Structures are given as structure tokens and as C-alpha cells.
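Below: the structure, in C-alpha cells.
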Amino acid sequence: MMIQQHLKQVRELVRSNKLYSGIYIAGTALSITMVMLVAIHFYLRTADLYPETGRRRMLYVQGAQVSPMDTTEQWTSSAFLSHRTMTECFYSLTKAKAVAGSMLIMGRGSNTISSADAPRDKKVYAKYVSSGFWQVYDLEFLSGKPFTQADFDAARPVMVLNRSLADYLFPSREAVGQEVNFMGHRYSIIGVVRDVPYHMGGSFAHLWIPYTCHEGYKDAFSRGGILGTIEAAILPRDGVSQSEVIAELEANLKRLEEATQMKINLMGQPDTSLRAMFRLGNLEIDLSKIIIGLVIIFALFFLVPALNLTALNSSVLEGRLAELGVRKAFGATNRSIIMQVLVENFVLTLLGALLGLGLAYIILSSSVYDSFVSSMITYMAGGTTSIKQFAPSISIGMLLRVEIFAFAFVSALLLNTFTSLIPAWRFTQRSIVDALSDNQASKK
């Protein structure tokens with residue numbers, strides 16, 4: 001009965017103080033929206049999602065920096081990794097279940113694909129990968145199979161398509177076993193996989209080809225042939241820690257340094273999925289500072305509205321002095337008054353949280369966020385215009401994360417409760433006579 005009474009009072013508060021209620025709900029919704037956007041973006045980039053189901057265990061190396069051991073020479077060079085480095089240091093890792101090498105090719109020539117059955121040529125996003133790609137990333141094969149190490153070593157012109165592109169190229173027959181023309185070469189289709197959302201940057205493509213099929217896969221920069229155009233994703237064996245894999249990799253790199261008389265600096269890599277998010281070229285990453293910065297940002301999302309709500313709550317309670325004073329005169333305890341304020345705060349926070357949740361999902365599902373993500377893929381693809389045509393976007397299952405909403409809601413509720421309790425507690429310390437007299441004075 002007491003809760004029902006409090007809810008009636010909340011309804012009356014909303015009806016009689018529409019501006020206050022609107023500002024309270026809108027302020028909470030804005031905080032929830034911003035936190036949800038950041039949290040879900042982090043979740044999409046670091047969580048174990050199809051087909052990157054091993055992200056929490058994986059390690060990433062995007063490139064390296066080399067310099068001469070001869071101290072009379074003063075120079076450094078930075079780039080991705082060469083095929084030689086991948087072969088001698090990464091593919092040979094015994095403590096890794098598999099290593100995926102992905103060749104970075106930006107804007108080199110045409111990226112159009114065609115078939116005898118397709119109505120017209122299409123620009124697509126291709127990924128040139130090693131055979132270990134299929135063990136590192138858990139792509140679901142709908143038909144056919146992945147290319148093997150033998151295919152990779154022999155540079156056989158084989159290709160795996162995603163389902164949407166396969167349906168476009170061969171609308172009336174099975175794609176596996178057919179041939180397509182890609183970048184002026186004929187490729188045999190050996191497998192078709194379930195579409196990969198283009199937000200999965202490590203695994204996303206419309207098609208996958210052995211990178212040994214590309215004429216420039218042995219290209220190397222700087223002396224020693226250490227740098228090139230390939231980045232690595234490492235999946236440790238079951239029961240093997242990331243530190244064990246890193247120790248073995250460092251030993252391999254040491255041997256390559258001795259053979260080439262070059263110093264190899266991975267600049268703090270291998271990275272976890274979280275660290276890889278913030279990797280910008282050859283810059284060192286201080287994850288502790290990044291986390292502190294993120295905590296400050298999250299705090300600002302809540303504290304700025306909270307400070308405003310504290311002043312707003314104080315103003316509204318001053319206007320309700322007569323109501324609350326009369327309640328105290330008729331025997332209402334300080335506890336019941338504070339409980340009333342808490343229930344009002346909870347209901348308004350809940351309404352703001354639900355509104356914020358809806359706004360966050362609308363933004364993440366909108367073309368704004370999609371354009372931000374797809375523009376990065378488009379750049380890597382050399383201007384591909386069909387990124388979205390043959391790939392799904394974020395699914396509702398990726399966005400509906402109860403734990404993320406619970407975190408945002410509880411954070412907002414705690415801060416909103418704090419901002420409500422301060423003026424409520426100050427009021428309960430005043431006598432009934434003071435409350436009523438102050439209210440009469442304010443009217444005059």
C-alpha cells in the first residue's frame with residue numbers, strides 16, 4: 001500500500017511539475033545514451049562475437065619498427081610485417097593453435113568481380129589471408145570448405161565467398177565449383193560462408209583468397225626484409241596463456257634479429273583486443289592512462305547532469321515545502337519522506353533510462369554509425385562502393401546486452417539518488433514550523 005501511495009505521488013509530481021520531470025528524464029536519458037554508445041562500441045570491438053569468437057584470448061600484431069644494430073647508423077623504419085617475418089616468427093609458433101596473416105592492399109588496381117551468371121560486375125572487399133585464418137576465425141561454412149595450407153603454399157587460385165555475394169554471382173545454381181573473374185584472374189569457388197557483419201574488422205570481407213595469389217606478397221621494405229604488408233592475429237592453444245605465446249614469439253624474433261643484424265621493435269605488441277582498439281601506427285600505448293581517461297569520460301557523462309539535477313531538486317523541494325511540511329505535521333517521519341523522494345527518483349530515472357536505451361539503439365542502428373564503420377572499410381578497400389550490399393549490419397542480438405544496460409542504469413540511479421538525497425536530507429533536518437514559515441515567506 002505504501003508503494004502504491006508513493007507511485008500516486010510520483011504521478012502527481014509529473015503532472016504538476018512537467019518541466020522538472022521533463023528535464024530530469026531528458027538529463028538521465030542523455031547520460032544513459034552516451035554511456036551505452038561508448039560501452040556497446042567497446043563490446044562490438046572486443047567481445048567474442050561471430051565469427052571472432054576467440055577475441056578474449058587472441059593477440060594482434062599490426063606491424064613493427066626496425067633499426068640497425070650497427071650504432072654508427074641512425075635510422076628507423078616502420079610498416080606491417082613481411083611474409084618472411086610471418087613465416088619465420090609467427091607461423092612457426094608451437095604454442096599457437098593458429099596464426100592468421102592478412103595482407104593489407106589499399107587501392108591497388110580494380111577490385112571488381114564478375115561471373116557468367118551475374119547481371120553486372122560489382123566492386124567488392126577482398127581479404128588476402130593465410131590458411132591459418134580459418135582456424136583463428138570461426139566462420140560458418142554453408143557449403144564447400146576453406147583453402148588448405150597446400151593451396152596456400154602452391155598459390156592456387158581458389159576463393160571463398162560469403163553467402164550474399166555467392167547468391168548474386170550465381171542466383172540459380174550452387175556457387176561451389178564455379179569460376180569467377182577477379183582482378184583479371186580466374187578463381188575457382190571452393191566454399192561459401194555465412195555473411196560476416198562489416199563491424200567485425202578482423203574477419204570481415206566479401207571474399208577470401210590465399211595471399212600468395214597476390215603478386216606482391218613477398219614485397220619487403222627496409223633492410224633485412226622484415227617489414228611488408230601483412231598483419232597477424234594469433235590464437236593461443238587451449239590451456240596456453242598469452243604470456244607463453246609472447247615469450248615464444250620474442251625468442252623467434254631474437255633469432256631473426258641475429259640473422260639480419262637488425263633490431264625489431266613490436267612497440268608493445270602483441271596487443272589484446274582492447275589494446276588493439278587504440279593502436280595507431282607505431283605509437284606506444286599506455287593502457288592504464290587510456291582506462292583512466294575513459295573513467296573520467298564516463299564520470300563526466302553522469303556528473304555534469306548530476307550537478308545540475310542537484311540544484312534542480314533543491315529548487316523543486318523548496319517549492320514543495322508546504323506539502324512536505326503538512327505531511328510532517330500529520331506524523332510523516334523523515335524516513336517516509338526520504339522514501340518518497342527515492343521512489344520519485346527511481347521512477348524518473350527508469351523512464352529516462354528506457355528513453356536513453358532506445359536512443360542509443362536508434363543511433364547504433366542508424367546510418368550515422370554504419371557510415372562511420374563502413375567508411376573505414378571502404379578506405380581499406382580502395383573505394384569499394386558495395387560494402388553494405390553484400391554484408392549484414394549489427395544485429396539486434398549484438399545490441400541487446402542486459403549487462404551493459406544494467407551498468408548504465410545502476411550508475412545513473414546511484415548518482416541521481418545521491419543528487420536527490422542531499423536536498424531531501426537537508427529538508428528533513430528542518431522543523432515543521434521552519435518549513436511552513438519558509439514556504440509562506442517565499443510566497444510573499
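From a predicted model like this one, the values you see are computed outputs, not experimental measurements.
- For the pair S77 and L227, the tightest heavy-atom approach, listed with the atom from each and the gap, is O-CD1, 3.4 Å.
- Residues meeting the salt bridge (Lys or Arg N to Asp or Glu O under 4.0 Å) test with R56, sequence neighbours left out: D48.
- Within the 4.5 Å cutoff, the side chain of V160 has heavy atoms near those of the F141 side chain.
- At least one side-chain heavy atom of C89 sits less than 4.5 Å from a side-chain heavy atom of L249.
- Contacts of Y168 classified as ring pair (Phe, Tyr, Trp, His ring centres under 6.0 Å), with partners at least two apart in sequence or in another chain: F390.
- In this structure, N162 CG and L139 CG are separated by 9.5 Å, a value rounded to the nearest 0.5 Å.
- Sorted pairs that involve residues 242-254 and meet salt bridge (charged side-chain N to carboxylate O under 4.0 Å, His left out), not counting sequence neighbours, are lacking altogether.
- Side chain of S115 to backbone of L169: a donor-acceptor contact under 3.5 angstrom is found.
- Between the side chain of S82 and the main chain of G225, a donor-acceptor pair closer than 3.5 Å is present.
- Formation of a donor-acceptor pair under 3.5 Å by the E52 side chain with backbone atoms of S203 is found in this model.
- Here the closest non-hydrogen pair linking G224 and T260 is O-CG2, 3.8 Å.
- For residues 141-151, the side-chain hydrogen bond (donor to acceptor under 3.5 Å, both in side chains) pairs, not counting sequence neighbours, are S131-Q149, S143-E174, T148-D151, Q149-D153, D151-R156.
- Remark: D117 engages R173 in a salt bridge (Lys or Arg N to Asp or Glu O under 4.0 Å) (not counting sequence neighbours).
- Take R84 and apply the salt bridge (Lys or Arg N to Asp or Glu O under 4.0 Å) test, not counting sequence neighbours, and it matches E88.
- Looking at residues two or more places apart in sequence or on another chain, you find a side chain to side chain contact (heavy atoms under 4.5 Å, CB included) between A98 and Q135, V136.
- When all heavy atoms are compared, the tightest approach of F170 to E179 is CZ-O, 3.6 Å.
- For F147, the ring pair (Phe, Tyr, Trp, His ring centres under 6.0 Å) partners two or more places apart in sequence, or in a different chain, are W134.
- Between Y137 and F133, the angle of the ring planes lies from 30° to 60°, which puts this pair in the tilted group.
- Judged as a side chain to side chain contact (heavy atoms under 4.5 Å, CB included), and not counting sequence neighbours, the contacts of A166 are L161, A175, V192.
- By the side chain to side chain contact (heavy atoms under 4.5 Å, CB included) test, T46 is found to be paired with S273, L274, M277, residues two or more places apart in sequence or in another chain being considered.
- Partners of F152 under the ring pair (Phe, Tyr, Trp, His ring centres under 6.0 Å) rule, at least two apart in sequence or in another chain, are Y211.
- To the nearest 0.5 Å, the span separating CG on L253 from NZ on K263 amounts to 15.0 Å.
- Considering all non-hydrogen atoms of both residues, Y217 and I230 come closest at O-CD1, 4.3 Å.
- Of all non-hydrogen atoms in M262 and I226, the two that sit nearest each other are CB-CD1, 3.7 Å.
- Within the 3.5 Å criterion, the main-chain N or O of I264 finds a donor-acceptor partner in the side chain of E257.
- Taking each heavy atom of M159 and V180 in turn, the nearest pair found is SD-CG2, 3.8 Å.
- Applying the salt bridge (Lys or Arg N to Asp or Glu O under 4.0 Å) test to R194 and every residue at least two apart in sequence or in another chain returns E140.
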